[in-house]
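Atoms within a ligand are numbered from 1 in the order they appear, just like the ligands themselves.
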Amino acid sequence: MTAADCVVRNARIATATDLFTADIAIRDGRISALGTDLPRGEEEIDATGMLVLPGGIDSHCHFDQQRESGAGFTDDFETATTAAAFGGNTCVMGFVPQFKGHGIKDLVADYHERGRKALIDYSVHMYIADPSPAVVDDELPGLMRAGHRSLKIFMAYASSMISDYQILKVLTVAKENGGLVVVHAENNDMIRWMTERLEKEGKTSTACHALAKPAIVEREAVSRMIALAELADQPIQIFHVSSAEVVEVIRDAQARGVKVYAETCPQYLAFTAADLDGADGARYLCSPALRSASDQDALWQAIRANVIGVVSSDHAPFRIDDSSGKGGGTHGLPFSKIPNGMPGIETRLPYLFSEGVGKGRISLQQFVAVTATNPAKLFGLYPRKGSIAVGMDADLTIWNPSLTRRVAYANLHDRSGYSPFEGMTLTGWPIRTIVRGRTITAGDMREGAPGWGKFLPREAFSAF
Ligand code: URP
Ligand code: ZN
Ligand code: ZN
């Protein structure tokens, strides 16, 4: 028998359920054997003293995504997937937005053209801003069968949000085509009313963003969304859960057997509304808004209890020096005019490992589950992706659990020009990222090239 293409030696392998030591043989991009004293491979990688993890799957990232107005997301496929790989990820999921009055099919095709620059594998959520019969009946079924199995909807933002009736239409087409519906759940009218009140009082600083979007805004929308999903009998995932009260709503629904899944993001674990105050407040402006220390505790608890099953980055890069982007904050732009979101595609795994596993808040297995295995299962990539076993894609992250580094934007690879995590000291960093057997990043070196990343068509949703 010919030698394996590569053998990763003495790997301390962590999956969502196990921790064991073995060599990993890779052939034709897949794991061909796990065992001890495996025959030499064409390439040998020594992982002694390191953890080897399933490559991170970041199921919520914005890049190469068109926006109707205002500053755009600054990363394209190449910069986003480069940053993702340096952050230990082997797969990202981006978004194709539909614009009201238009279809989505051509935009999906255009996104795949742009995807030719990907260094790591990618998949796609389609976001539906106008579920007209032409889109729902003629475009979506074929696109979903072609592997674009998730539909994103907004309950806030006038240009993107849809009505409850339209949400039911989207839930229906998802149900008919094996899709999952992912939701930005905030009540638009409550935000509008709060923002108008604050603006009348001259309260327009970035700190007021959190006042305009208290947790009840999120709780109302999540509660309503769950009711709609129950009525339509369609699974949903609530994006970027930020607060204790929303965790409670989701926990209750899950206990009733409703198929509602939840995601949070490092920013909701790391920062509070206090970070919105001051000259740098725009850097921390995202939606839902940042909350309090007790909300952070509730989110960690919900991850431990598997109420929240996914931690994604919601990477939303806007240039810090663009006055219509995050730079607007330093030019006195009212909070309501500053684009929402923050970068984090490269810091997601190091932050969660350091603050979660390192500080005993979650186990190593829980870390693997919420960053790789659960997103793979939820989004129809498992068992091809999301764990380490014979036959699976050789998507591996070699992880130095005791490497301590301070986060500095100068060492990161996205294009936003800043990191909200700047200056944080984190222990546990990826040192090599391997996608389908090929090393994409090793240390500070990018070894992969645009074009290696492939579109991953996804299977129909099946509950897990
Ligand atoms: O504020 C956020 N989260 N911005 C990114 C886009 C979105 O709503 O997920
Ligand atoms: Zn959102
Ligand atoms: Zn997002």
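Residue C286 has at least one heavy-atom neighbour below 4.0 Å for each of these atoms of ligand 1: 1 (O). Less than 4.0 angstrom separates some heavy atom of H240 from each of these atoms of ligand 1: 3 (N), 8 (O), 9 (O). Each of the following atoms of ligand 1 lies closer than 4.0 Å to a heavy atom of F154: 8 (O).
In this structure, atom 1 (O) of ligand 1 lies nearest to the protein heavy atom S287 N, 2.7 Å. Atom 4 (N) of ligand 1 has as its closest protein heavy atom N340 O, 3.0 Å. Considering only non-hydrogen protein atoms, atom 8 (O) of ligand 1 sits nearest to H184 ND1, 2.9 Å. From the protein, the heavy atom lying nearest to atom 6 (C) of ligand 1 is H62 NE2, 3.4 Å.
For the residue pair D75 / H62, no side-chain donor-acceptor distance below 3.5 Å is found, with atom types taken as modelled. Under the 3.5 Å distance criterion, with hydrogens and angles disregarded, a donor-acceptor pair is assigned to the side chains of N340 and Y157. There is a side-chain donor-acceptor pair under 3.5 Å between N89 and R348. E263 and S59 form no side-chain donor-acceptor contact under 3.5 Å, judged by distance and modelled atom types alone.
One finds an angle of 90° at the Zn ion (ligand 2) between NE2 on H240 and ND1 on H184, to the nearest 10 degrees.
Residue F239 does not touch ligand 1, judged by heavy-atom distances below 4.0 Å. Contact annotation for D314 and ligand 1: only side-chain heavy atoms (C-beta onward) come within less than 4.0 Å of the ligand. Using a 4.0 Å cut-off between heavy atoms, H60 contacts ligand 1 through its side chain alone, with no backbone atom that close. Using a 4.0 Å cut-off between heavy atoms, A316 contacts ligand 1 through its side chain alone, with no backbone atom that close.
Within H60, the N/O/S atom positioned nearest the Zn ion (ligand 3) carries the name NE2. D314 has its closest N, O or S atom to the Zn ion (ligand 3) at the position named OD1.
Remark: ligand 1 and L285 share no N or O pair separated by less than 3.5 Å (distance only, no angle test).
At most 12 non-hydrogen atoms from other residues, nucleotides or ligands lie less than 6.0 angstrom from NZ of K105. Within 6.0 Å of CZ in R304 there are more than 12 heavy atoms belonging to other residues, nucleotides or ligands.
Between atom CD1 of residue I320 and atom OG1 of residue T74 there is a gap of 10.5 Å, rounded to the nearest 0.5 Å. For the atom pair CZ of R319 and OG of S416, the computed distance is 7.0 Å after rounding to the nearest 0.5 Å.
Salt bridge present: D164 and R224 bring a charged side-chain N and a carboxylate O closer than 4.0 Å.
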